[in-house]
Amino acid sequence: MKKYNFYAGPSILPQYTIKNTAEALIDFAGMGLSLMEVSHRSKQFVAVMDEAQALFKELLNIPDGYSVIFVGGGASTQFAMVPFNLFRKKTAYLNTGAWSKKAIKEAQGFGDVDVVASSEDKNFNYIPKGYSIPEDADYFHITTNNTIYGTEIREDIDSPVPLVADMSSDIFSRPVDVSKYAIIYGGAQKNLAPAGVTFAIIKDDILGKVEHYIPTMLKYQTHIDKESMFNTPPVVPVYAALQTLKWLKDLGGINEIHKINKFKAGLLYDEISRNPLFTTTVPDPADRSIMNICFVMNAGYEKIEQEFFDFASSKGMVGIKGHRSVGGFRASTYNALPIESVEALVGVMQEFENLHK
Ligand SMILES: *Cc1c(COP(=O)(O)O)cnc(C)c1O
């Protein structure tokens, strides 16, 4: 049976990425060797790394004065790397969910953290507004897409201090004005590559200002200076990331995928609001993510939640269970998810509605 992959992460990748990476695992660049068994310093792999960095910059329109690095450790290591490289006296964070909280915890290990606003009072079902960012903070940290709760800061905000963003689950989903950010980072396993590679986009002139020792591997400058080759990079995921970037470029780039993403999300949000059996978990449409769409059974239908899950599963829907802290359902509509998958899910919701009229 056809499967429709709505997993939140690791998650769906383009068939182009999977096929080309599988081929390179057998024979990489005509070398007669697997991608897994060649030196990362071979000229063939160095070319992959160079092209991945160049295409990353091209697709996101990254201005001069920024570096792109690919490292290991996941976004979770970036939670500590950011303060290690930027924290001097005090910093500021916006608390929009479990990932923000983990980032805040790491920063607190370095000193004073001003949590300027939080949506924890309503289980993170909205994006706080009207907060002020202290002008004496070394940086201000946000999580643009809250993968668990289905909320998203969909526009680049203005910050009086260097802006740092965790974009693990919405990088490459929409145009971003990189010049407004000092650092953008994320794990690749939501919209780009298999797990194992983490990207960071760093404004070069914000580095070199802290006085404490920064462990070599946690120092951005180490990886910038060695073009992500200070130590052995995650070779296979970097190769896969390059395939996804090529796929995205062929498709028309970020503006094109943004249109498709808005269309897909619109289809599903419209059905959630139309279908009497379901309801959204994010009341303000402006705060709704176009990558992770959360919904629950409407009042009176809670008892048939498991029945809907089983029904949808029997129709090939995979990965739609909501995170345990929200419950209900979550459909992740990342770049690689075809429009037909969303249409299929909407069809299943309508069939289920007809069974319960
Ligand atoms: C998945 C996720 C993370 C965690 O990423 P790891 O690479 O597993 O450390 C952090 N932030 C956000 C927004 C995520 O979606």
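Atom CG of residue Asn275 and atom CE of residue Met297 lie 8.0 Å apart, to the nearest 0.5 angstrom. Atom CZ of Phe124 is separated from atom CD of Glu120 by 3.5 Å, given to the nearest 0.5 angstrom. Atoms CE and NZ, from Met229 and Lys226 in turn, are 12.0 Å apart once rounded to the nearest 0.5 Å. With rounding to the nearest 0.5 angstrom, the OG1 atom of Thr333 is 12.0 Å from the CD1 atom of Ile260. Summarising the geometry, atom OG belonging to Ser289 is positioned 12.5 Å from atom CD1 belonging to Ile148; distances are rounded to the nearest 0.5 Å. Atom CE of Met167 sits about 12.0 Å away from atom CD1 of Ile183, to the nearest 0.5 Å.
Taking both residues in full, the closest heavy atoms of Asn85 and Lys219 are given as OD1-CA, 3.6 Å, listed atom of the first, atom of the second, then distance. Listed here is the closest heavy atom pair of Pro175 and His258: CD-ND1, 3.4 Å. Nearest approach of Leu218 to Thr77, heavy atoms of both residues: CD2-CG2, 3.9 Å. For Ala29 against Gln44, the heavy-atom pair with the smallest separation is CB-CG, 3.9 Å. Leu163 approaches Lys180 most closely through the heavy-atom pair CB-O, 3.5 Å. Pairing each heavy atom of Val296 with each of Gly328, the nearest pair is CG1-CA, 3.9 Å.
Here the side chain of Lys129 pairs a donor or acceptor atom with the backbone of Ile127 at under 3.5 angstrom. The main-chain N or O of Thr147 is found under 3.5 Å from a side-chain atom of Arg330 such that the two form a donor-acceptor pair. A distance-only check finds a donor-acceptor pair linking the side chain of Asn191 to the backbone of Asn335 [under 3.5 Å]. Side chain of Asn145 to main chain of Met291: no donor-acceptor pair is present (N/O by atom type, distance under 3.5 Å, no hydrogens or angles). Counting only distance, with no hydrogens or angles, the side chain of Arg154 and the backbone of Arg288 share a donor-acceptor pair below 3.5 Å. Panel note: side chain Thr91, backbone Tyr139; a donor-acceptor pair is recorded below 3.5 Å. With hydrogens and angles ignored, the 3.5 Å screen pairs no side-chain donor or acceptor of Lys209 with any backbone N or O of Leu86. A side-chain donor-acceptor contact under 3.5 Å links Glu152 to the backbone of Ile290. No donor-acceptor pair closer than 3.5 Å links the side chain of Ser168 to the backbone N or O of Gly186. In this structure, Thr21 contributes its side chain and Ile18 its backbone to no donor-acceptor pair below 3.5 Å.
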(message) Would Met217 and Asn231 count as a side chain to side chain contact (heavy atoms under 4.5 Å, CB included) here? Give the steps.
(response) CA-CA 9 Å; Met217 277 296 286; Asn231 72 323; 3.4 Å; yes
(request) Please assess Phe140 against Val116 for the test side chain to side chain contact (heavy atoms under 4.5 Å, CB included), listing each intermediate value before the final yes or no. (result) CA-CA 9 Å; Phe140 177 53; Val116 300; 3.6 Å; yes
(request) Take Thr244 and Thr17, measure what side chain to side chain donor-acceptor pair (under 3.5 Å) needs, and give me the verdict at the end. (result) CA-CA 6 Å; Thr244 304; Thr17 299; 2.9 Å; yes
(message) For Phe329 and Phe6: C-alpha separation, side-chain torsions, deciding distance, then whether ring pair (Phe, Tyr, Trp, His ring centres under 6.0 Å) applies.
(response) CA-CA 10 Å; Phe329 304 96; Phe6 293 97; over 10 Å; no
(message) Test side chain to side chain donor-acceptor pair (under 3.5 Å) on Thr281 and Asn125; report intermediate values, then the result.
(response) CA-CA 7 Å; Thr281 61; Asn125 74 357; over 6 Å; no
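Two rings, from Tyr93 and His141, have their centers less than 6.0 Å apart. Under the 6.0 Å cut-off for aromatic ring centres, Tyr239 and Phe28 qualify, their centroids lying closer than that. The distance between the ring centers of Phe295 and Tyr269 does not fall below 6.0 angstrom. Remark: aromatic rings of Tyr220 and Phe84 are distant, center separation not under 6.0 Å.
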Residues 315-327 side chain polar contacts: donor-acceptor under 3.5 Å, at least two apart:
residue, atom, partner, partner atom, Å
Lys315, NZ, Glu351, OE1, 3.1
His323, ND1, Ser325, N, 3.2
His323, ND1, Ser325, OG, 2.8

Enumerate donor-acceptor pairs with a distance under 3.5 Å from any side-chain N or O in residues 342-349 to protein atoms, sequence neighbours excluded.
none

Please tabulate, one pair per line, all N/O donor-acceptor pairs under 3.5 Å involving side-chain atoms of residues 194-204, not counting sequence neighbours.
residue, atom, partner, partner atom, Å
Thr198, OG1, Gly74, N, 2.8
Asp204, OD1, Ser67, OG, 2.6

Which pairs would a plain distance check flag for residues 47-63, meaning a side-chain donor or acceptor within less than 3.5 Å of a matching protein atom at least two apart in sequence or in another chain?
residue, atom, partner, partner atom, Å
Gln53, NE2, Ser228, OG, 3.2
Lys57, NZ, Tyr66, O, 3.4
Glu58, OE2, Lys249, NZ, 2.9

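Looking only at side-chain heavy atoms (C-beta outward), Asp27 and Ser34 stay at 4.5 Å or farther from each other. Annotation: side chain of Lys90 is in contact with side chain of Asp136 (closest heavy-atom distance under 4.5 Å). With contacts defined as side-chain heavy-atom distances shorter than 4.5 Å, the pair Phe70/His223 does not qualify. Residues Phe352 and Tyr301 are not in side-chain contact: their nearest non-hydrogen atoms beyond the backbone lie 4.5 Å or more apart. The closest side-chain heavy-atom distance from Lys264 to Leu267 is not below 4.5 Å. At least one side-chain heavy atom of Arg274 sits less than 4.5 Å from a side-chain heavy atom of Glu353. Looking at Val235 and Met36, their side chains never come closer than 4.5 Å, going by heavy atoms from C-beta outward.
Other residues, nucleotides and ligands contribute over 12 non-hydrogen atoms within 6.0 Å of the CD atom of Glu37. No more than 12 heavy-atom neighbours from other residues, nucleotides or ligands sit within 6.0 angstrom of CD on Glu155.
For Gln306 and Asp310, the side-chain atoms include at least one donor-acceptor pair closer than 3.5 Å. When only modelled atom types and interatomic distance are considered, Asn292 and Tyr334 share a side-chain donor-acceptor pair under 3.5 Å. Defined by atom type and a distance below 3.5 Å, a donor-acceptor pair is present between the side-chain atoms of Ser100 and Thr143. Residues Tyr181 and Asp156 have side chains that bring a donor and an acceptor to within less than 3.5 angstrom of each other. Residues Asn261 and Ser173 bring no donor and acceptor atom of their side chains to less than 3.5 Å of each other.
Taking the salt bridge (Lys or Arg N to Asp or Glu O under 4.0 Å) definition, one finds that Glu106 meets it with nothing, sequence neighbours left out.
The side-chain hydrogen bond (donor to acceptor under 3.5 Å, both in side chains) test with Tyr126 singles out one residue from Asp287, Thr151, Asp121, and that residue is Asp121.
By the 30° and 60° cut-offs, the orientation of the rings of Phe308 relative to Phe278 is perpendicular.
For residues 2-11, no residue pair satisfies the side-chain hydrogen bond (donor to acceptor under 3.5 Å, both in side chains) rule, not counting sequence neighbours.
In the hydrophobic clustering of ILVMFWY residues, with side-chain heavy atoms under 4.5 Å counting as a link, Val82 and Val176 come out apart.
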